[in-house]
Each structure stands twice: as C-alpha cells, then as structure tokens.
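Down below is the structure, laid out as structure tokens.
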Amino acid sequence: MQYPLDNLGPDRFQQLCHALIAKQFPTLQCFPIGEADGGRDAVTGSFSGGVTIFQVKYETGKRPRQDLVKWLGTVLPKETPKIQQLVDRGATQYILITNAGGSGRLDSGSIDKVSDCLEKHVPIPAQMLVA
C-alpha cells in the first residue's frame with residue numbers, strides 16, 4: 001500500500017513522524033515545529049544517560065529522488081555543527097527521518113550510500129529512515 005506522504009507538507013509530515021516515534025518511545029519529547037530546535041525535532045532518553053536524537057527533513061522537490069546522497073549532501077553540512085553540539089552534551093544516537101525516497105540495491109543503492117555518508121560525517125551511530 002502506498003501513502004501519499006508528499007501531500008502532507010513539511011509540518012504535517014513532522015507531526016506524523018512524531019506520532020509514529022512516540023508509539024515506539026513513550027517518553028519521547030517532541031519540539032515545536034518551525035522553531036529553532038538545535039538540530040533535534042524530538043529526543044528520547046536523557047543527556048546524562050544517553051539520548052537519541054530524531055531529526056525530520058521533508059524534501060519538497062517534485063523531481064525524481066534517485067540521488068538521495070546528493071540531497072543529503074545539501075542537508076548534512078547544515079546539521080553537522082548542531083549534531084556535534086548535541087554529541088558534546090551526551091547524544092548517543094542520531095536518526096534522520098525523511099520522505100526523500102531512495103533505492104535499496106546492496107552497496108550501490110542510495111540508502112546504503114547514505115548510510116556510508118552518515119557514518120563518515122556523524123560522530124555517533126546514525127541512520128536514516130525513509131518514509
């Protein structure tokens with residue numbers, strides 16, 4: 001079944017992500033949409049005991065999304081300083097959630113390439129969830 005997530009727009013997409021994450025992590029703290037959040041749209045855990053950072057990025061382009069790595073290359077440089085500040089405070093995991101679809105070929109698919117990119121540029125375990 002396919003869901004028209006692109007029709008939600010960035011704010012509603014983030015609200016949907018918050019709701020889905022909260023189902024798995026009942027202690028989730030979500031931050032207001034559209035405000036400066038320091039690179040975190042939601043967190044679970046505590047900085048003293050390890051915290052997982054959730055960052056939601058909505059891709060607004062209507063072009064084909066074969067080049068997920070290129071898209072991440074425009075997003076990640078802006079986020080890296082914020083991620084580092086959160087790591088310095090005790091963040092232990094970073095999860096990027098996006099509607100920007102990718103391909104799943106082993107090693108050559110864009111999702112595996114993004115995983116490699118995150119591993120190189122994010123100083124804590126990081127992954128991207130593609131909605």
Side-chain angles (χ1 to χ4, degrees):
M1 178 175 270
Q2 290 198 319
Y3 299 96
L5 298 178
D6 292 340
N7 294 344
L8 292 175
D11 292 353
R12 302 270 302 163
F13 179 73
Q14 186 169 329
Q15 289 172 332
L16 173 65
C17 290
H18 283 170
L20 293 172
I21 300 165
K23 179 74 173 160
Q24 182 68 30
F25 299 96
T27 62
L28 187 74
Q29 172 64 59
C30 298
F31 295 96
I33 296 171
E35 291 186 17
D37 55 28
R40 62 208 170 119
D41 290 318
V43 299
T44 187
S46 67
F47 283 105
S48 61
V51 67
T52 298
I53 305 297
F54 295 91
Q55 182 68 29
V56 179
K57 292 292 180 189
Y58 182 84
E59 165 61 55
T60 57
K62 289 296 180 186
R63 63 190 175 281
R65 297 193 188 106
Q66 291 95 349
D67 201 349
L68 187 58
V69 178
K70 183 177 178 183
W71 173 79
L72 184 64
T74 64
V75 172
L76 199 54
K78 298 172 193 170
E79 296 300 317
T80 302
K82 298 174 193 174
I83 296 168
Q84 187 59 57
Q85 286 181 332
L86 295 167
V87 169
D88 293 344
R89 292 177 178 217
T92 55
Q93 184 177 18
Y94 179 81
I95 299 175
L96 174 65
I97 304 169
T98 182
N99 68 315
S103 59
R105 288 190 192 99
L106 181 62
D107 297 328
S108 64
S110 60
I111 294 173
D112 283 352
K113 288 180 181 179
V114 163
S115 293
D116 291 342
C117 183
L118 287 171
E119 189 173 313
K120 289 176 187 168
H121 298 318
V122 178
I124 54 177
Q127 70 183 92
M128 184 177 72
L129 302 177
V130 179

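Just so it is clear, the values below take in all heavy atoms, side chains as well, and ignore hydrogens, waters and symmetry mates.
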- CA sep, side-chain torsions, deciding dist, call: Thr98, Met128, side chain to side chain contact (heavy atoms under 4.5 Å, CB included): CA-CA 7 Å; Thr98 182; Met128 184 177 72; 3.7 Å; yes
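- Inspection of the Thr44 and Thr52 side chains reveals no N or O donor paired with an N or O acceptor under 3.5 Å.
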- Message: Apply side chain to side chain contact (heavy atoms under 4.5 Å, CB included) to residues His121 and Cys117 and explain how you reach the verdict.
- Response: CA-CA 6 Å; His121 298 318; Cys117 183; 3.6 Å; yes
- Would you sort out whether Asn99 and Glu59 count as a side chain to side chain donor-acceptor pair (under 3.5 Å), showing the intermediate values? CA-CA 6 Å; Asn99 68 315; Glu59 165 61 55; over 6 Å; no
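- Going from atom CG of Leu16 over to atom CD1 of Ile97 covers 9.5 Å, rounded to the nearest 0.5 Å.
- How far CG of Asp41 is from CG of Leu28: 10.5 Å, rounded to the nearest 0.5 Å.
- Within 6.0 Å of atom CD in Glu119, 12 or fewer heavy atoms from other residues, nucleotides or ligands are found, so the atom counts as exposed in its surroundings.
- Taken together through direct or relayed side-chain contacts under 4.5 Å among Ile, Leu, Val, Met, Phe, Trp and Tyr, Ile33 and Ile21 form parts of separate hydrophobic clusters.
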N/O donor-acceptor pairs under 3.5 Å from side chains in residues 79-89, not counting sequence neighbours:
from  : atom 1 : to    : atom 2 : distance (Å)
Glu79 : OE2    : Lys57 : NZ     : 2.9
Thr80 : OG1    : Leu76 : O      : 2.8
Gln84 : NE2    : Asp88 : OD1    : 2.8

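- Looking at residues two or more places apart in sequence or on another chain, you find no ring pair (Phe, Tyr, Trp, His ring centres under 6.0 Å) involving Tyr94.
- Side-chain contact between Leu68 and Val114 is present, with at least one heavy-atom pair separated by less than 4.5 Å.
- Going from atom CG of Leu129 over to atom CG of Leu96 covers 8.0 Å, rounded to the nearest 0.5 Å.
- Remark: Arg40 is positioned above the aromatic ring of Phe31, its terminal NZ or CZ atom under 6.0 angstrom from the ring centre and at most 45 degrees off the axis.
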